[in-house]
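Just so it is clear, the values below take in all heavy atoms, side chains as well, and ignore hydrogens, waters and symmetry mates. Everything numeric here is computed off the predicted structure, so don't read it as measured data.
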Amino acid sequence: MSINQRVDIIIKELYGGNKRAFATASNIAPTVVENIVGKRRGNPSYEVLEKIICANENIEAEWLVTGRGQMLKSEVNSNIKIFVPEDLPKVVGNLYRAPIYESYPVSAGKMGLAEMRDEKPNGYAYTTLPGVTFFPVVGCSFEPIIYAGEYIGVIRLNSWDRFDTEKIYFIVTHEERMLKRLRVDENRGDILWCVSPNFREFTILKEDILHINHVFFHGKMV
């Protein structure tokens, strides 16, 4: 896989395929992004790569440059500040407004919590990535990694083709909203295994999945 292809993956998975949003966030001319993704020129310059890495702090630089390792850095455990006013700007510099939904907790276990309805968020936080949503966590199956009462920040994945068994995912099915690591079944391509530290492993059908999100933040809100 080339650097150009890895940049294309970043755009698709972290920016929902929006090349202009990626260009704006990375301070790169849209024509440069088109050249990279369209492979109309060679590899991106060092200056362009540096801008991408600086603007997308959760991207592993080694993965972008060499293809080794994983695309995103390990989950960050820190504090995020909550902002309540609804008239906050959507973008502040290189920071993007992200909604926080207190009313739709995510189970670090397995319990019936259906898909989030379209309601106003309870507050906002600012992150370095667009498309982030925050949810509170209930349940204890992911302790001592993620504790009940903490929050997760997630980005929805457009493709389920690649799974990192070490990453944590927020999975929404027709009946569940849960935190799990994932692994592919060796014998059946239509199911996935859900794994967590303090709960038995179980399978889910891919056809029952509404969407899968990568958990890139977990911690307290202040």
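Looking at every heavy atom in both residues, Ile212 comes nearest to Ile209 through CG1-CG2, 3.6 Å. Across all their heavy atoms, Ile36 and Asn4 have their closest contact at O-ND2, 3.0 Å. Minimum heavy-atom separation, Arg6 to Leu64: NE-O, 2.9 Å. Of all the heavy atoms in Lys90 and Tyr126, the pair that sits closest is O-CE2, 4.4 Å. Taking every heavy atom of both residues into account, Pro99 and Tyr101 meet most closely at CB-CE1, 3.7 Å. Scanning all heavy atoms of the two residues, the minimum distance from Glu143 to Pro197 falls at O-CB, 3.7 Å.
Classified by interplanar angle (parallel below 30°, tilted 30° to 60°, perpendicular above 60°), the ring pair His214/Phe216 is tilted.
Using a 4.5 Å heavy-atom threshold, the side chains of Ile152 and Phe142 count as separate. Under the 4.5 Å side-chain criterion, counting only non-hydrogen atoms from C-beta, Val37 is in contact with Ile11. Counting heavy atoms from C-beta outward, Phe135 and Val154 have side chains that approach closer than 4.5 Å. Here the side chains of Val132 and Tyr96 are not in contact, with every heavy-atom distance at 4.5 Å or above. Side-chain contact between Lys206 and Ile191: absent, with no pair of heavy atoms (C-beta onward) separated by less than 4.5 Å. In this structure, Phe22 and Asp8 have side chains that are not in contact, with every pair of non-hydrogen atoms separated by 4.5 Å or more. In this structure, Asn198 and Cys140 have side chains that are not in contact, with every pair of non-hydrogen atoms separated by 4.5 Å or more. Contact annotation: the side chain of Cys194 approaches that of Leu182 to within less than 4.5 Å [non-hydrogen atoms, C-beta and beyond].
Under a hydrophobic-cluster definition in which Ile, Leu, Val, Met, Phe, Trp and Tyr are linked whenever side-chain heavy atoms come within less than 4.5 Å, directly or via other members, Ile53 and Ile155 are assigned to the same cluster. Using a 4.5 Å cut-off between side-chain heavy atoms of Ile, Leu, Val, Met, Phe, Trp and Tyr, with links allowed through other members, Ile9 and Val33 fall into the same hydrophobic cluster. The hydrophobic cluster containing Met178 also contains Val184, counting ILVMFWY residues as joined when their side-chain heavy atoms lie under 4.5 angstrom apart, directly or transitively. Taking hydrophobic clusters as Ile, Leu, Val, Met, Phe, Trp and Tyr residues chained together by side-chain heavy-atom distances below 4.5 Å, Leu49 shares a cluster with Ile28. A single hydrophobic cluster is not seen to contain both Val215 and Val195; linkage of ILVMFWY side chains at heavy-atom distances under 4.5 Å, directly or through other members, places them apart.
For the atom pair CG (Asn213) and CG (Leu179), the distance works out to 10.0 Å, reported to the nearest 0.5 Å. Separation of atoms CZ (Arg181) and OH (Tyr169) is listed at 10.0 Å; rounding is to 0.5 Å.
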(request) Report the C-alpha distance between Ile52 and Ile59 in whole Å, list the side-chain angles of each, state the deciding distance to 0.1 Å, and finish with yes or no for side-chain contact (heavy atoms from CB on, under 4.5 Å). (result) CA-CA 9 Å; Ile52 293 173; Ile59 295 294; 5.6 Å; no

(request) Start with the C-alpha distance between Ile100 and Asn122, add both sets of side-chain angles, then the distance that settles side-chain contact (heavy atoms from CB on, under 4.5 Å), and finish with yes or no. (result) CA-CA 6 Å; Ile100 303 168; Asn122 303 93; 5.6 Å; no

(request) Go through the steps for Phe134 and Phe217 under the test ring pair (Phe, Tyr, Trp, His ring centres under 6.0 Å), then give the verdict. (result) CA-CA 9 Å; Phe134 289 95; Phe217 162 89; 5.7 Å; yes

(request) Mind running side-chain contact (heavy atoms from CB on, under 4.5 Å) on Ile168 and Ile146 for me, showing each step along the way? (result) CA-CA 10 Å; Ile168 300 172; Ile146 301 177; 4.0 Å; yes

(request) Any chance you could lay out the side-chain contact (heavy atoms from CB on, under 4.5 Å) test for Val32 and Val48, step after step, and finish with the verdict? (result) CA-CA 9 Å; Val32 173; Val48 168; 4.1 Å; yes

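Partners of Glu47 according to the side chain to side chain contact (heavy atoms under 4.5 Å, CB included) rule, which considers only residues two or more places apart in sequence or in another chain, are Ser45, Lys51.
With Gln5 contributing its side chain and Ser2 its backbone, the two residues share a donor-acceptor pair below 3.5 Å. In this structure a side-chain-to-backbone donor-acceptor pair under 3.5 Å is missing from Lys180 to Ile171. The main-chain N or O of Thr173 is never found under 3.5 Å from a side-chain atom of Asp208 such that the two would form a donor-acceptor pair. Tyr147 places no side-chain N or O within donor-acceptor distance of the main-chain N or O of Val137, the cut-off being under 3.5 Å.
Figure legend: cation-pi geometry between Arg177 and Phe170 absent, as NZ or CZ is not positioned both under 6.0 Å from the six-membered ring centre and within 45° of its axis.
Here Lys220 does not pair with Glu150 in a salt bridge; the nearest charged N to carboxylate O distance is not below 4.0 Å. For the pair Glu201 and Arg183, the salt-bridge criterion is met [side-chain N within less than 4.0 Å of a carboxylate O].
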